[in-house]
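Notes follow the structure.
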Amino acid sequence: MKEVLPLFVFIDACGWEIIKDRPFAKAYAPNRKRLSSVFGYSSACVPSILSGRWPVEHRNWCYFVYDPANSPFKSLRALQWLPERLTSRRIFRRWLSKFIKVRLNFRGYFDLYNIPFKYISLYDFTERRNPLQPGGMNRGPNIFDYLEERSIPYHVSSPDRSEKDNLNALANDIRDQRIDFAFLYWPGLDGLLHSVGNQSPEIAVKLATYEQWLDHLLSLSKQHYAEVWLYVFSDHGMANCDQLLDLKAKIDALPLKMAHDYAVVYDSTMARFWFFNDRARQQVINCLNRVQEGRIIPDSELAGLGALFADRYFGELIFVVKEGVLIVPSHMGKRPIRGMHGYHPSEKQSYAVLCTNQDKIPEDISAIPDIYRLMTRDAEDANARNSLGKATPQQAIKSQQFHTQPTKCNPPVEA
Ligand SMILES: [Zn+2]
């Protein structure tokens with residue numbers, strides 16, 4: 001029997017608003033706190049949790065950027081001549097995405113989404129590594145680099161496996177008492193919320209399944225570890241999309257030419273622009289200022305969100321829509337979906353959650369990147385206690401200091 005297992009269970013899109021009035025996981029993790037999210041999609045939030053840093057620091061923000069010189073998609077341009085009724089179909093795009101991912105050796109999540117083949121060679125894809133692995137960040141280390149450096153044995157889910165398979169894989173490591181830290185990732189709720197929205201009765205069913213799995217994990221863990229420090233947390237919530245915005249039609253109506261005057265990525269809640277002349281910049285700004293459903297985010301505000309990039313790598317101008325508005329069609333999808341996230345972090349449904357069986361959540365744990373500090377602190381403490389006898393007094397003192405003096409990390413401005 002080992003001393004301690006810190007068990008971090010990440011439920012994608014399990015927002016504060018989703019669970020605040022439900023008893024979800026209260027039996028296992030009664031201490032709850034609302035956390036601020038990070039501006040962006042899971043492509044930004046997950047790396048921020050895993051690294052304790054903000055997008056401007058780790059440079060994992062939005063998937064597609066205008067970068068023709070580095071585009072790996074040049075060969076796909078020829079597909080523009082195939083009939084659109086074929087190339088815009090999800091099944092075709094999914095199959096092609098899988099094929100490209102292997103060919104280009106992309107290690108993270110990859111999807112071509114709805115990027116038109118006519119323009120695909122203008123774009124690069126920014127998540128080439130897997131953030132759930134050591135060396136997985138675009139810049140700097142993540143929790144798995146941290147654990148490897150200190151030779152702390154850990155378990156992490158693989159995005160290629162199903163939720164149930166990941167659960168079973170963790171159960172095996174717990175039975176073997178091999179690990180001093182576990183990071184379990186369940187993405188299923190996110191997918192469900194996207195398709196049914198946050199009011200569907202299916203949400204309660206899914207949450208009940210998660211509770212059963214937590215119950216199973218905890219009772220198993222208690223057979224092999226004297227203490228289990230459980231944290232159940234999320235990256236963001238999910239808003240229902242009740243209003244559609246055809247932003248592309250408004251921009252296309254301007255006397256400007258895409259790829260000559262400007263480039264754009266239409267995410268589902270954001271539009272990111274690059275300009276090649278001042279006329280284009282002014283016309284697009286004037287057009288966006290007339291769109292009631294959203295607004296241009298000023299640089300000072302982006303800086304406060306940790307998303308102002310000095311080199312404008314992810315776009316020179318960022319437009320975001322109000323919660324509940326969905327940009328359709330976008331480069332993410334041709335058809336509407338019921339739920340979406342990626343709105344401003346101050347919108348109601350953006351807030352994430354942290355639930356734990358620990359008595360105290362330190363006050364300075366207030367945004368999702370702060371979870372990283374809980375992970376490093378607990379991993380070190382558990383490792384020291386599990387290897388009791390092997391641990392030096394210095395290690396014990398160090399871990400004690402970490403427990404009592406966590407430092408706050410505010411979103412920085414890129415130098
Ligand atoms: Zn999602």
Side-chain angles (χ1 to χ4, degrees), residues 37-45 47-48 54-56 58-71 73 111-116 118-127 138 236 245-252 254 256-278 280-289 291 293-323 325-333 340-345 347 350 411 414:
S37 188
V38 162
F39 183 42
Y41 303 94
S42 295
S43 57
C45 296
S48 299
W54 295 77
V56 70
H58 55 61
R59 290 180 74 83
N60 288 66
W61 197 40
C62 297
Y63 281 147
F64 287 94
V65 291
Y66 173 78
D67 190 358
N70 291 308
S71 176
F73 304 122
D111 196 319
L112 278 169
Y113 293 101
N114 194 36
I115 302 269
K118 187 179 173 189
Y119 297 125
I120 196 144
S121 61
L122 300 177
Y123 298 110
D124 192 8
F125 187 77
T126 64
E127 192 184 284
N138 283 345
H236 51 71
L245 170 66
D246 189 351
L247 190 63
K248 184 177 174 295
K250 293 180 196 288
I251 299 295
D252 284 354
L254 299 173
L256 299 171
K257 250 188 118 187
M258 162 70 184
H260 292 272
D261 296 310
Y262 71 96
V264 59
V265 176
Y266 296 107
D267 298 316
S268 34
T269 62
M270 270 190 240
R272 295 175 286 119
F273 292 87
W274 292 258
F275 301 109
F276 311 133
N277 57 62
D278 280 344
R281 180 187 301 271
Q282 214 41 61
Q283 292 203 14
V284 168
I285 289 174
N286 291 344
C287 172
L288 293 175
N289 282 338
V291 179
E293 294 91 338
R295 65 185 176 98
I296 296 166
I297 307 194
D299 281 359
S300 55
E301 196 176 332
L302 282 173
L305 297 168
L308 179 66
F309 298 86
D311 60 358
R312 308 284 158 163
Y313 182 62
F314 292 91
E316 296 169 26
L317 183 152
I318 313 295
F319 178 83
V320 66
V321 294
K322 293 175 189 167
E323 184 172 280
V325 177
L326 186 72
I327 299 175
V328 178
S330 75
H331 288 154
M332 297 293 111
M340 197 59 220
H341 51 90
Y343 299 99
H344 195 281
E347 300 273 16
S350 292
E414 193 182 53

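- With sequence neighbours excluded, the residues satisfying side-chain hydrogen bond (donor to acceptor under 3.5 Å, both in side chains) with D267 are R272.
- Among residues two or more places apart in sequence or in another chain, the salt bridge (charged side-chain N to carboxylate O under 4.0 Å, His left out) test is passed with D246 by none.
- Here the CG atom belonging to L122 is positioned 11.5 Å from the CG atom belonging to D124, to the nearest 0.5 angstrom.
- Checked by atom type and distance alone, the side chain of N60 pairs as donor or acceptor with a backbone atom of N138 at under 3.5 Å.
- Take S48 and apply the side-chain hydrogen bond (donor to acceptor under 3.5 Å, both in side chains) test, not counting sequence neighbours, and it matches H58.
- Although no hydrogens or angles enter the test, the distance criterion places a donor-acceptor pair under 3.5 Å between the side chain of S350 and the main chain of H344.
- Side chain of S330 to main chain of G333: a donor-acceptor pair is present (N/O by atom type, distance under 3.5 Å, no hydrogens or angles).
- In this structure D278 satisfies the side-chain contact (heavy atoms from CB on, under 4.5 Å) test together with R281, sequence neighbours excluded.
- D67 is linked by a salt bridge (charged side-chain N to carboxylate O under 4.0 Å, His left out) to nothing, counting only residues two or more places apart in sequence or in another chain.
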May I have the list of side-chain donor-acceptor pairs in residues 303-310 shorter than 3.5 Å, sequence neighbours left out?
none

>> With side-chain contact (heavy atoms from CB on, under 4.5 Å) as the criterion, how do D311 and R59 come out once you've worked through the C-alpha distance, each side chain's angles and the decisive distance to 0.1 Å?
In response: CA-CA 11 Å; D311 60 358; R59 290 180 74 83; 2.7 Å; yes
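- Between atom CE of residue M258 and atom CZ of residue F276 there is a gap of 7.5 Å, rounded to the nearest 0.5 Å.
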> For L256 and I251, what are the C-alpha separation, side-chain angles and deciding distance, and is it a side-chain contact (heavy atoms from CB on, under 4.5 Å)?
Replying inline: CA-CA 8 Å; L256 299 171; I251 299 295; 6.0 Å; no
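- Expressed to the nearest 0.5 Å, how far CD1 of I285 lies from CD1 of I296 amounts to 5.5 Å.
- Using a 30° and 60° split on the angle between ring planes, Y66 and W274 fall in the tilted class, from 30° to 60°.
- Here W54 contributes atom CH2 and W61 contributes atom CH2; the two are 13.0 Å apart, rounded to the nearest 0.5 Å.
- If you take OH on Y313 and SG on C62, they are separated by 11.5 Å, rounding to the nearest 0.5 Å.
- In this view, H341 and H194, H236 satisfy the ring pair (Phe, Tyr, Trp, His ring centres under 6.0 Å) rule, not counting sequence neighbours.
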> Can you list the steps and then say if F64 with F125 is a side-chain contact (heavy atoms from CB on, under 4.5 Å)?
Replying inline: CA-CA 5 Å; F64 287 94; F125 187 77; 3.6 Å; yes
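- With sequence neighbours left out, the side-chain hydrogen bond (donor to acceptor under 3.5 Å, both in side chains) criterion links N277 to D261.
- Residues meeting the side-chain hydrogen bond (donor to acceptor under 3.5 Å, both in side chains) test with Y41, sequence neighbours left out: T269.
- Using a 4.0 Å cut-off between charged nitrogen and carboxylate oxygen, K250 and E293 do not count as a salt-bridge pair.
- To the nearest 0.5 angstrom, R295 atom CZ is 10.0 Å from K322 atom NZ.
- A search for side-chain contact (heavy atoms from CB on, under 4.5 Å) contacts involving V328 returns L244, L326, P336, not counting sequence neighbours.
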